[in-house]
Amino acid sequence: MPTEISNLSELQRLYLNDNDLDSTMPAEISNLTWLLILYLNNSGLNGMIPMEIGMLSFLKYLELSKNNLSGTITTEMGNLLELYHLSLHQNSLVGTIPMEIGNLLELKVLYLNDNDLGGTIPMEI
């Protein structure tokens, strides 16, 4: 995913699902400050979810399923207070579910299945 995508600062919807991007998600994604919908499922992403994703304060739909994402679920996702739909299933995420997910009071849909997550589900959720 090219970092130049961050130059589209007025972008509200980004659909790149079902592609073969074979890249990481750039930290510069945080420059898309007006983004409401981000669909990157089944797009060949790898690497970690950048913590800068927590700066997308208007984001309502985040769909990152069916990729090769690794590492942990960043605690900064707890800053996405407008988030309604969060889908991270079928990746290679590890660690525990961060308690900060409990901050997402608008969240109605949460898919975390088919990862390598462990521990208990936080009481905050």
Side-chain angles (χ1 to χ4, degrees):
M1 186 172 184
T3 57
E4 290 81 11
I5 201 139
S6 65
N7 294 334
L8 304 172
S9 59
E10 299 295 316
L11 195 66
Q12 293 184 354
R13 293 170 180 84
L14 178 58
Y15 297 91
L16 287 173
N17 49 302
D18 299 318
N19 281 292
D20 190 16
L21 300 178
D22 191 28
S23 67
T24 60
M25 186 183 308
E28 291 84 2
I29 194 111
S30 64
N31 293 343
L32 303 177
T33 54
W34 295 104
L35 201 61
L36 301 171
I37 299 171
L38 180 57
Y39 273 78
L40 295 172
N41 52 304
N42 195 36
S43 59
L45 290 178
N46 52 60
M48 299 176 68
I49 301 169
M51 66 180 186
E52 290 83 0
I53 202 154
M55 297 172 69
L56 299 175
S57 58
F58 295 108
L59 198 62
K60 294 185 180 296
Y61 291 87
L62 179 56
E63 177 62 73
L64 299 176
S65 63
K66 299 181 182 178
N67 283 294
N68 289 315
L69 295 171
S70 58
T72 60
I73 300 172
T74 179
T75 57
E76 284 78 9
M77 281 199 180
N79 297 333
L80 302 174
L81 301 179
E82 298 295 320
L83 201 62
Y84 177 89
H85 176 106
L86 175 58
S87 182
L88 301 174
H89 68 281
Q90 294 183 6
N91 279 292
S92 297
L93 298 170
V94 297
T96 59
I97 301 169
M99 66 180 180
E100 288 82 0
I101 297 292
N103 296 342
L104 308 178
L105 301 180
E106 300 298 320
L107 194 64
K108 304 293 185 242
V109 179
L110 176 62
Y111 293 115
L112 299 175
N113 53 296
D114 295 322
N115 280 291
D116 293 315
L117 298 170
T120 59
I121 298 173
M123 290 179 22
E124 293 81 3
I125 293 182

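When hydrophobic clusters are built by joining Ile, Leu, Val, Met, Phe, Trp and Tyr residues whose side-chain heavy atoms come closer than 4.5 Å, directly or via intermediates, Ile49 is grouped together with Leu21. Under the 4.5 Å side-chain contact rule for hydrophobic residues, Met77 and Ile125 share a cluster. Grouping the Ile, Leu, Val, Met, Phe, Trp and Tyr side chains by contacts below 4.5 angstrom, directly or via other members, places Leu59 with Leu112. Tyr111 and Leu104 fall into different hydrophobic clusters, where Ile, Leu, Val, Met, Phe, Trp and Tyr side chains are chained together by heavy-atom contacts under 4.5 Å. Clustering ILVMFWY residues whenever any of their side-chain heavy atoms sit less than 4.5 angstrom apart, transitively, puts Leu16 in a cluster other than the one holding Tyr39.
Closest approach of Leu69 and Asn91 over heavy atoms only: N-OD1, 3.1 Å. Smallest separation of non-hydrogen atoms from Asn115 and His89: ND2-CA, 3.8 Å. Residue Pro26 comes nearest to Pro2 through the heavy atom pair CG-O, 4.2 Å, listed as atom of the first residue, atom of the second, then distance. For the pair Leu64 and Met25, the tightest heavy-atom approach, listed with the atom from each and the gap, is CD2-CE, 3.4 Å. Across every non-hydrogen atom of Thr74 and Pro50, the tightest pair is CG2-O, 4.1 Å.
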*Take Ile5 and Leu14 through the test side chain to side chain contact (heavy atoms under 4.5 Å, CB included) and record every step on the way to the result.*
CA-CA 10 Å; Ile5 201 139; Leu14 178 58; 4.0 Å; yes
*asked:* With side chain to side chain contact (heavy atoms under 4.5 Å, CB included) as the criterion, how do Leu117 and Ile73 come out once you've worked through the C-alpha distance, each side chain's angles and the decisive distance to 0.1 Å?
replied: CA-CA 9 Å; Leu117 298 170; Ile73 300 172; 4.1 Å; yes
_side chain to side chain contact (heavy atoms under 4.5 Å, CB included) evaluation trace for Asn31 with Ser9_ = CA-CA 6 Å; Asn31 293 343; Ser9 59; 5.8 Å; no
_Asn46 vs Thr24, side chain to side chain contact (heavy atoms under 4.5 Å, CB included): CA-CA, chis, key distance, verdict_ = CA-CA 5 Å; Asn46 52 60; Thr24 60; 3.4 Å; yes
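Under the 3.5 Å distance criterion, with hydrogens and angles disregarded, a donor-acceptor pair is assigned to the side chains of Ser87 and Glu63.
Using a 4.5 Å heavy-atom threshold, the side chains of Leu11 and Leu35 count as touching. When side chains are defined from C-beta on, Leu32 does not count as touching Leu38, because their heavy atoms never get closer than 4.5 Å.
The closest donor-acceptor contact from the side chain of Asn67 to the backbone of Ser43 lies under 3.5 Å. In this structure, the side chain of Asn17 does not engage the main chain of Leu40 through any donor-acceptor pair within 3.5 Å.
In this structure, the separation between CG on Leu93 and CG on Asp114 is 11.5 Å, given to the nearest 0.5 Å. Taking CE of Met55 as the reference point, atom CG of Leu80 lies at 11.5 Å (rounded to 0.5 Å). Atom CD1 of Ile53 and atom OG of Ser30 lie 9.5 Å apart (nearest 0.5 Å). With rounding to the nearest 0.5 Å, the separation of CG in Leu62 from CG in Leu110 is 11.0 Å. Rounding to the nearest 0.5 Å gives a distance of 11.5 Å between CG of Leu83 and OG of Ser57. A distance of 7.5 Å separates CG of Leu88 from CD1 of Ile101, quoted to the nearest 0.5 Å.
Using cut-offs of 30° and 60° for the angle between ring planes, the Trp34 and Phe58 rings count as parallel.
Counting non-hydrogen atoms of other residues, nucleotides and ligands closer than 6.0 Å to CD1 of Ile121 gives a total of 12 or fewer.
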